[in-house]
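To start, the structure under review is shown below, and the notes come after it.
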Amino acid sequence: MSELRHRVISHNIANVNTPGYQRLDVSFDEHLFKARRQGQASEGAAPSIVQEPGEITKMDGNNVDIDSEIGHLNQNSMVFQMYSQILSTHLNTMRRALGQ
């Protein structure tokens, strides 16, 4: 998930000066929440790439804000690091429980 989001944000940054380009984002949280509310397994929720409507558009039709994209990139990186740390801690706990 983080890898897909990173690619989409990088794509947005790469197209910051492309006339007419519309910012893309990854929609996943809503799918996960909806799947859980319907009692489905979280594996049924798949991320999708969506175009963000309602963003402020520049004169050339491009709506990418480089400062916002860098902020999203940093946020995504921090979330990835946090989940990696939680997973590592969980695996270490399991190894200790198994006596390894």
Side-chain angles (χ1 to χ4, degrees):
M1 178 60 206
S2 289
E3 189 267 339
L4 176 62
R5 183 164 278 145
H6 186 87
R7 279 192 291 140
V8 168
I9 294 170
S10 297
H11 187 74
N12 289 338
I13 291 172
N15 286 289
V16 69
N17 291 324
T18 303
Y21 179 80
Q22 295 293 299
R23 179 182 186 275
L24 300 175
D25 197 7
V26 176
S27 176
F28 178 68
D29 298 338
E30 299 84 20
H31 297 296
L32 180 62
F33 180 73
K34 186 177 178 181
R36 292 184 127 195
R37 190 169 50 186
Q38 294 175 346
Q40 299 174 348
S42 58
E43 291 82 23
S48 60
I49 298 173
V50 295
Q51 196 170 26
E52 286 290 310
E55 298 283 331
I56 298 172
T57 305
K58 293 181 273 188
M59 295 292 285
D60 63 357
N62 186 309
N63 69 350
V64 176
D65 177 13
I66 190 72
D67 294 330
S68 176
E69 295 303 320
I70 290 173
H72 290 301
L73 199 60
N74 288 333
Q75 180 184 16
N76 190 50
S77 177
M78 286 189 295
V79 168
F80 178 78
Q81 289 174 3
M82 179 185 71
Y83 285 132
S84 296
Q85 185 65 41
I86 290 171
L87 182 61
S88 176
T89 301
H90 186 69
L91 289 174
N92 286 336
T93 301
M94 290 174 57
R95 284 188 186 117
R96 277 193 301 248
L98 294 172
Q100 295 179 350

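When a residue number appears, it is its place in the shown sequence, counting from 1.
Ile86 and Leu91 are assigned to two separate hydrophobic clusters, defined by single-linkage of ILVMFWY side chains at heavy-atom distances under 4.5 Å. Residues Val8 and Ile13 are members of one and the same hydrophobic cluster, defined by side-chain heavy-atom contacts under 4.5 angstrom among Ile, Leu, Val, Met, Phe, Trp and Tyr.
With Thr93 contributing its side chain and Thr89 its backbone, the two residues share a donor-acceptor pair below 3.5 Å. The main-chain N or O of Ser84 is never found under 3.5 Å from a side-chain atom of Ser88 such that the two would form a donor-acceptor pair. Although no hydrogens or angles enter the test, the distance criterion places no donor-acceptor pair under 3.5 Å between the side chain of Asn12 and the main chain of Arg23. Side-chain atoms of Asn62 come within 3.5 Å of backbone atoms of Val16 as a donor-acceptor pair (strictly under, hydrogens ignored). Although no hydrogens or angles enter the test, the distance criterion places a donor-acceptor pair under 3.5 Å between the side chain of Asn15 and the main chain of His11.
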| task | Any chance you could lay out the side chain to side chain donor-acceptor pair (under 3.5 Å) test for His6 and Ser2, step after step, and finish with the verdict? | result | CA-CA 6 Å; His6 186 87; Ser2 289; over 6 Å; no

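Phe80 CZ: 12 or fewer foreign heavy atoms inside a 6.0 Å radius. A 6.0 Å sphere centred on CG of Asn17 holds no more than 12 heavy atoms belonging to other residues, nucleotides or ligands. Heavy-atom contacts from other residues, nucleotides or ligands closer than 6.0 Å to CE of Met94 number 12 or fewer.
Here Ile49 contributes atom CD1 and Leu24 contributes atom CG; the two are 7.0 Å apart, rounded to the nearest 0.5 Å. One distance of note links OG of Ser10 with CG of Asn76; it measures 9.0 Å at 0.5 Å rounding. Between the CZ atom in Arg5 and the OG atom in Ser77 there is a gap of 13.0 Å [rounded to 0.5 Å]. Taking OH of Tyr21 as the reference point, atom CG of Asn63 lies at 8.5 Å (rounded to 0.5 Å).
Nearest approach of Glu69 to Val64, heavy atoms of both residues: CG-CG1, 3.7 Å. Across every non-hydrogen atom of Gln22 and Gly61, the tightest pair is NE2-O, 2.5 Å.
Separation of the Tyr83 and His90 ring centroids does not fall under the 6.0 Å cut-off.
In this structure, the side chains of Met1 and Val26 come closer than 4.5 Å at one or more pairs of heavy atoms.
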